[in-house]
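Have a look at the structure below before the remarks.
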Amino acid sequence: MSRHVLFVHAPIPGARFNSSIAALSAWLKAHGHTTALLVVPPDVAAEAARPLLRQARADVVAFSYMTCRAELVAELAAIARAELPAARLIAGGAHPTSYPRETLAALPLDAVCVGEGEAPLLSFVDNSEAPHPGLVRRGKDDPVARWWAMDVDALPDWDRALFGDVRNDGNRYERAVGVAFARGFCPYTCTFCGVDGYRRLNAPPRGAVTRLRSVERVLSEMEGARALLPDVAGFASWDEILPGSRRWQRAFMEGYRDRVGLPFACHLRVEQVTDDLVASLVIGGCDYVVIGVETGDEAYRKRFLDKGFDNASTLAAFERLHAAGIATFCSFMLGLPFETPQMLKKTVQLAREIAPTTLSWKYYTPERGTRLFGLLEEHDLVIDRWVDHPFGGEEAMVRLTHCTQRDLDVATAALRLIGPNDGEGRGTFAGPPSPALPALDLELRT
Ligand code: SF4
């Protein structure tokens, strides 16, 4: 029996596209159901969405959200329960996956979906009484187990039509049309990164950490997206880090050149930037790479951040990319735990030497579930209001022990003087200024 599923998207500023919702909507449609999307922008009160929730006439309402949107989603769930009393309510995504039982206790939901959602959500939509790995149902004794999509080539193309415009605000990577090359997690283990924390929480079994799609499948999805969307300016690998073996990457770039032929962007780690990879990127027409360097102090980077590359390798990586004509977006963090004035000088010095196309810096944001957060707790460096903060601060977000805010302000002023500038603007705490995309509206898309 076909059911109508309403996805509720409560984005952080600028994030109009949600790849999880796009993946799940495609999966449900492929199995005979219909879907709609309610977008509730950051500056809109939950109550304003009441008429649209009523109008949606959904059989199932599915919420996907991060911790920073939990309060808003709690209000939306209460409204959905009141306006659609016969509907089944379910939540998934980063926050419900991290806190499934707390989410079920706090919101009037029938179930929480943990981890990857295609099969659990389909099971819930077909029969909300049936147990399934990945579902934690109200009033049942379900374990917090996970389901993994192992045949990633069998997953349908993301449902981009549900969103209309899939460009996010931000740099050129964020504005490109994203296509996932793999399902799973970044294989690196940076101590500060929520992705690493999320992988540890989910504990993927062997073979599930990175499930690479075939080159053919990725290219066919790009061709489909290009036919669907107006004015596609370029694509990006929608993966935390460009995945794949050298051979896979070369085969993809050759296919991309022949079948797509648009600008291409990706995230890389310094260690990935070999001559061989850069040659592949050039073949594919890649013109934009994002790399996180984090600090100019290589000993600190290795010891506290688990980023083991040194400054010489970093400089060589950026030089390789620049020599190949590839623009770079290089990001640093300030206000790191135990940061010293000497570390800040090294950061400014390295940023100056790298001379990226776009330099970006922001204050380190403490995230629960990361290994670095444990160190903060151990040394009493946590400032509660900044934990898991989605937008970043204009001041240090942990207690400073070895430098002052004044030292950070001096470093910031020095970073602002560093060019060159590619027209996207120099880095600021808010990120590089770019021409604004149309603002997100409260909207029911059917
Ligand atoms: S490489 Fe990037 S995405 Fe991967 S763990 Fe490190 S910071 Fe996170």
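The figures here come from the full heavy-atom set of this structure, side chains too, leaving out hydrogens, waters and symmetry mates. For reference, positions follow the sequence shown, starting with 1. Whatever order the structure lists ligands and atoms in, that order sets their numbers, starting from 1.
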Q) Where does the angle between the aromatic ring planes of W27 and W147 fall among parallel (under 30°), tilted (30 to 60°) and perpendicular (over 60°)? A)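 Answer is tilted, since the angle falls between 30° and 60°.
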Q: Give me the ring orientation class for Y288 and F329: parallel if the planes are under 30° apart, tilted from 30 to 60°, perpendicular past 60°.
A: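 Aromatic pair Y288/F329 classed tilted.
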Q. Should R406 and D409 count as an ion pair when the cut-off is N to O under 4.0 Å?
A.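 Not counted as a salt bridge, because no side-chain N and carboxylate O are separated by less than 4.0 Å.
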Q.
For E216, is there an ion pair with R259 - N to carboxylate O distance below 4.0 angstrom?
A.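 A salt bridge links R259 with E216.
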Q: Would you tell me whether H267 and S237 have side-chain atoms, one donor and one acceptor, within less than 3.5 Å of each other?
A: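 Side-chain D/A pair, H267 to S237: absent.
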Q. Under 2.8 Å from atom 4 (Fe) of ligand 1, how many protein N/O/S atoms can be counted?
A.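 Under the 2.8 Å cut-off, the count stands at 1.
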**Q.** Partner residues of T347 under the side-chain contact (heavy atoms from CB on, under 4.5 Å) criterion, sequence neighbours left out
**A.**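 side-chain contact (heavy atoms from CB on, under 4.5 Å) check on T347 returns T295, F332, L334.
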